[in-house]
Each structure stands twice: as structure tokens, then as C-alpha cells.
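Working notes, structure below.
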Amino acid sequence: MKRIFSILLVFSMVFAFSALSESDTVTLSFLRIGNDESERNYWHWVIEEFEKENPGIKIAYEEAAIGDPMETVLNTRFASGEGVDLIGHGILSVAQRVEANHYLPIDEYFEAWEGKDDIMPAVLANGMYNGHVYGLGYSVTPFVFAYRIDLLEEAGIEVPTTWEDLADAAKALTRYNDMGEVEFSGFCFPTTGGNLVELDVFVYGNGGAYIVDGEPVFEGNEKIAESLEFLKELLPEVNLTYSSNEVNPFVSGSAAMTLINNAALTTMLVNPDYEGKVGIALPPNNGVDASFCGCNMLFIGKTCKNPDEAFKFISFAMSKESTLKRAEMTKIPVTLNSLVEAYAQMDPWNAARSLCVANGTGMPRVIWSTGFQAVRNELHQNALFGGMDIEDALIKAQADIEFRIDG
């Protein structure tokens, strides 16, 4: 009987310990925007490594497609009171989700984080709103200046670094058919599209801005006007008609230079027909090093009951080891200054990619950011391809954005 009692006692202690361990385990829900395989594989690696180091924390990982699916899941979860503990989302979500009380400010965690001085300031800015830190950028999508090395060398042209250089090179490299129409573009620029950030690259490279102190500043904005004037004069001579939603003519071999999303350039870079013929640089500018750079960030949900554990996961995912692993697995640029050199050793063009990230500006962090996108797109259309006077187009843009804000 003593033997049986001892066995039962051991089993009861094991069961009690097991139950206690399970009750002590923290499970964090994690919803990430996007469903691309390389990104998914990366997060599976991060979660596995994190859980090894932190056996008391489990990550329940989910994905939602970009656009309505992601927004629907978040809205439903928060409306039901369930919320999400960890959220991987983009710039456009910052103002809206903060104002909806969905994102937790992480200022105290950030100040104590050992990586706070290492993250690129341009990347950090994407997750800030009203002076507070809400998100930390883990994925960046810079627009780069891509050019044909072979064509520039054949023509004896240096890689353009200024607007003047760009105009001269584009005109020299453009080819025309018998009717005088452009058949090969020296510099291609989208005529239509969903989010025409290519214009932003020129505005920022001219030291300009669309928004100052949270207010739109289209009307009378000389920096925007100068950018539009430069493009309006150049493009008719060198451009091909295309949408930013379509394959860029540069990628299909019909242009010598362009501005392009770094990821969209991948198919050309792996094409053996263009091996050694494609270069990447910071976009030519008019005095200010600048580009456009999108960014996805990690946020803590406002309803999260375990924010300490949630930030522990964020800091793990943002560590040097995890960030460099991400660059290896997904081919996405690093976001930490200390890794720029190691990243450059992976690919000869990564140094240029890092410059585009470090000098990149994303979409405005305002609650009317989607309205801004529509108004900026229409300004692009009206001033560059619609025949409208630039001053009138800027006046109209100002009126339209103010209507959207007030409406």
C-alpha cells in the first residue's frame, strides 16, 4: 500500500506541476499583414527561436492579406473586445489605429530597449504619432533608382545624381520610332496607378513636403511646383505610357532608367539576360538626398494583458541576429545602422538599398492619409498629364484635401 501511495503521490505532484506550468504560460496572439511565403518562413523561424529562449511564452501566429482582409480581422477583434496582442501592420494604420485606441504607446519600453539608438531614424519615424512611439519597423520597401549599366557605359554617361544629370542622360538614351514617338524610354515614370509615390521622391529630393505640422500645404508650395515643372518638361520627351500597377518598362527591357520598388526589381535582377547590366542608386535629387520608403511595423494591441512579454518578443524580432536573418531569408533591407556593412556584404547593391532606406520617407501618418493618396494622385494626373496649369492643380489639391478632412 505504501508503494501504491508513493506512486500516486508522485503522479499527483507531476500533474499539479504540469497544471501550474500551463497556467503560468503566456500566450500572445500575433496577426501579421501579408501572406508571402518567405515572410511566413521567417516568422516561423523567429517564433521557434523565441519560444526556445522563453519557454513561458507562446506565440499564436496568424496572417491576413493586405487590404480589407487585414482591416476586417482587426476591426472585428477589437469590436468584440478580444483584440490582438501583437500586430504587424503598415504606416497607413498608425494614425487611424492610434485614434481608434487599438495601439499601445511603447515609449517606456522603447527608452529601455538596447536597440533604440541603432534603429535608423527614418525607420523609427514611421511608427511615431503625436510625439509617441507606437511601432518599430521590421520590413522596409524602399524605392530605388535603377539604371542600365551597359547602356550608360556605352553612351559614356555617369550615373545621374542630380535632376540636371537625369534630364541630360534620359534625353541621350531615349530612342524614337519613325513617327517621332518614344519606343525606348531614357527615364520611365508612371502616368497612372494606385499610389504614385514616384512623385514624392522628386518632392522630397527638392526639400519639399506635402504636410507641415500636420496640415496639408499644396497651394502655393514652390517645392512641389518645381518638382512638377521639372517632370512636366522632361517626361514628354523621354517617357512611355504605363501604370504603376503594371510591370515597369524598365523591367521588361524598354527603358534605361527608372524609380522602382526594390522588391519589384527582383525579377529583372535574377534574369540571366540582364546579369551585370542593372545598377541601383539613391534617386537623383535637387539638393536633398531622399527617396520614398514603405514600412511595416510591430505594434502592441491596446487590450494586450501582457505588454512586457509582447515587447520582449518585439525586441527579439528586432535584434541584430533576427534582423540579419530576415535580410538573408526575405532579401529585405536591414533597419539597424550597425548591420548596414554586414548587409552590404551580401550583395554589391545593398549599400545603395540601405541609403534609400536611411533617406526614405513613408506615407503621411495622419488620419486622412488615404485621402492624401487620392489627392496626390489626382495632382499627379492633372499637372503632368492632364494639361492643367501647375498652380491651378495645386490650388485644386488644397481644396480637395481640405474638403476630405472637413467632410
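Computation of the quantities below employed the complete heavy-atom set of this structure, encompassing side-chain atoms and omitting hydrogens, waters and symmetry-equivalent molecules. By convention here, the first residue in the shown sequence is residue 1.
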Is the shortest side-chain N to carboxylate O distance from Glu309 to Lys312 below 4.0 Å? no
Counting only N and O atoms by type, is there a donor-acceptor contact under 3.5 Å from the side chain of Thr27 to the main-chain atoms of Lys58? no
Ring center gap for Tyr103 and Tyr134 short of 6.0 angstrom: no
Please check if the number of heavy atoms outside Glu183 that lie under 6.0 Å from its CD is greater than 12. yes
Residues Val182, Tyr176; criterion side-chain contact (heavy atoms from CB on, under 4.5 Å); working and verdict: CA-CA 4 Å; Val182 174; Tyr176 307 89; 3.7 Å; yes
Rounded at 0.5 Å granularity, tell me how far CG in Asn261 sits from CG in Asn195. 11.0 Å
Should Val288 and Tyr204 be marked as a side-chain contact (heavy atoms from CB on, under 4.5 Å) after you check the CA-CA gap, both sets of side-chain angles, and the distance that decides it? CA-CA 7 Å; Val288 178; Tyr204 301 149; over 6 Å; no
Of all heavy-atom pairs between Cys356 and Ala281, which one has the smallest distance, and what is that distance? SG-O, 3.8 Å
Under the 3.5 angstrom rule, does the side chain of Gln398 hit a backbone N or O of Phe218 as a donor-acceptor pair? yes
Please examine the side chains of Asn262 and Val140, heavy atoms only from C-beta on, and report whether any two atoms are closer than 4.5 Å. no
Apply salt bridge (charged side-chain N to carboxylate O under 4.0 Å, His left out) to the pair Lys232 and Glu229, showing each step before the final yes or no. CA-CA 5 Å; Lys232 191 171 186 177; Glu229 288 165 1; over 6 Å; no
Any idea which heavy atoms bring Leu152 and Val159 closest together, and the distance? CD2-CA, 3.8 Å
Do Pro216 and Ile405 come close enough that some side-chain heavy atom pair is under 4.5 Å? yes
For Val357 and Pro333, work out which heavy atoms get closest and say how close. CG2-CB, 3.8 Å
Ignoring hydrogens and geometry beyond distance, is a side-chain donor-acceptor pair present between Asp118 and Ser338 at under 3.5 Å? yes
Of all heavy-atom pairs linking Gly186 and Thr174, the shortest is N-OG1, 2.9 Å
Check whether Ser139 reaches the backbone of Cys295 with its side chain - one donor and one acceptor, N or O, closer than 3.5 Å. no
Checking the side chain of Gln381 only, and the main-chain atoms of Arg376 only, is there a donor and an acceptor separated by less than 3.5 Å? no
Starting from the C-alpha separation in whole Å, work towards a yes-or-no answer on side-chain hydrogen bond (donor to acceptor under 3.5 Å, both in side chains) for Glu181 and Asn177. CA-CA 5 Å; Glu181 300 167 332; Asn177 61 23; 3.0 Å; yes
Just wondering, are more than 12 heavy atoms of other shown residues or ligands nearer than 6.0 Å to CD in Glu328? yes
With Phe311, which of Asn306, Ile106, Leu86 fulfils side-chain contact (heavy atoms from CB on, under 4.5 Å)? Ile106
Assess the pair Phe299 and His89: is the distance between their ring centroids shorter than 6.0 Å? no
Within the 4.5 Å heavy-atom criterion, are Lys116 and Leu124 side-chain neighbours or not? no
Flag the pair Tyr138 / Tyr42 as yes when at least one side-chain heavy-atom distance between them is below 4.5 Å, and no otherwise. no
Do Tyr109 and Asp308 make a side-chain contact, defined as non-hydrogen atoms from C-beta onward lying under 4.5 Å apart? yes
Evaluate the side-chain proximity of Phe385 to Thr241: yes if any heavy-atom separation is below 4.5 Å, no if none is. no
Between CZ on residue Arg77 and CG on residue Asp85, distance to nearest 0.5 Å: 10.0 Å
Keeping the roles fixed (side chain from Ser291, backbone from Phe143), state whether a donor-acceptor pair exists under 3.5 Å. yes
I'd like to know if the side chain of Asn54 and the backbone of Ile57 have a donor-acceptor N/O pair within less than 3.5 Å. no
Quick one: are Ile224 and Tyr210 in side-chain contact, heavy atoms under 4.5 Å? yes
Apply side-chain contact (heavy atoms from CB on, under 4.5 Å) to Ile87 and Arg97, showing your working. CA-CA 11 Å; Ile87 304 161; Arg97 294 290 169 185; over 6 Å; no
For Ile59, is there any backbone N or O sitting under 3.5 Å from a side-chain donor or acceptor partner on Glu51? yes
Is the closest side-chain heavy-atom distance between Lys396 and Met388 below 4.5 Å? yes
Using a 3.5 Å distance criterion without hydrogens, assess whether the side chain of Arg326 forms a donor-acceptor pair with backbone atoms of Val334. no
Has the side chain of Thr266 got a donor or acceptor atom that lies under 3.5 Å from a matching backbone atom of Ala263? yes
Using modelled atom types and a 3.5 Å cut-off, is there a donor and acceptor pairing between side-chain atoms of Asn296 and backbone atoms of Gly88? no
As an exercise, state the distance from CG of Leu379 to CD1 of Ile401, rounded to the nearest 0.5 Å. 11.0 Å
With a 6.0 Å cut-off (strictly less than), is the heavy-atom count around CD of Glu391, excluding the residue itself, greater than 12? no
Which atom pair, heavy atoms only, marks the closest approach of Val366 to Ala95? C-CB, 3.4 Å
Should the heavy atoms of other residues, nucleotides or ligands under 6.0 Å from CD of Glu108 be counted, would the total exceed 12? no
Thr258 OG1 to Asn248 CG distance, which is reported to the nearest 0.5 Å: 4.0 Å
Show your working on side-chain contact (heavy atoms from CB on, under 4.5 Å) between Phe292 and Met363 and close with a plain yes or no. CA-CA 8 Å; Phe292 175 88; Met363 292 292 288; 4.0 Å; yes
Just how far is it from atom OG1 of Thr303 to atom CG of Leu104, taken to the nearest 0.5 Å? 9.5 Å
Is there a side-chain hydrogen bond (donor to acceptor under 3.5 Å, both in side chains) between Gln96 and Ser369? Walk through the geometry before answering. CA-CA 9 Å; Gln96 288 86 345; Ser369 55; 3.1 Å; yes
What's the shortest heavy-atom distance between Asn239 and Phe187, and which atoms? OD1-O, 3.6 Å
For the ring pair Phe189 and His380, is the centre-to-centre distance below 6.0 Å? yes
If I take atom OG from residue Ser244 and atom CG from residue Leu196, how far apart are they, to the nearest 0.5 angstrom? 5.0 Å
Just wondering, are more than 12 heavy atoms of other shown residues or ligands nearer than 6.0 Å to CD1 in Ile66? no
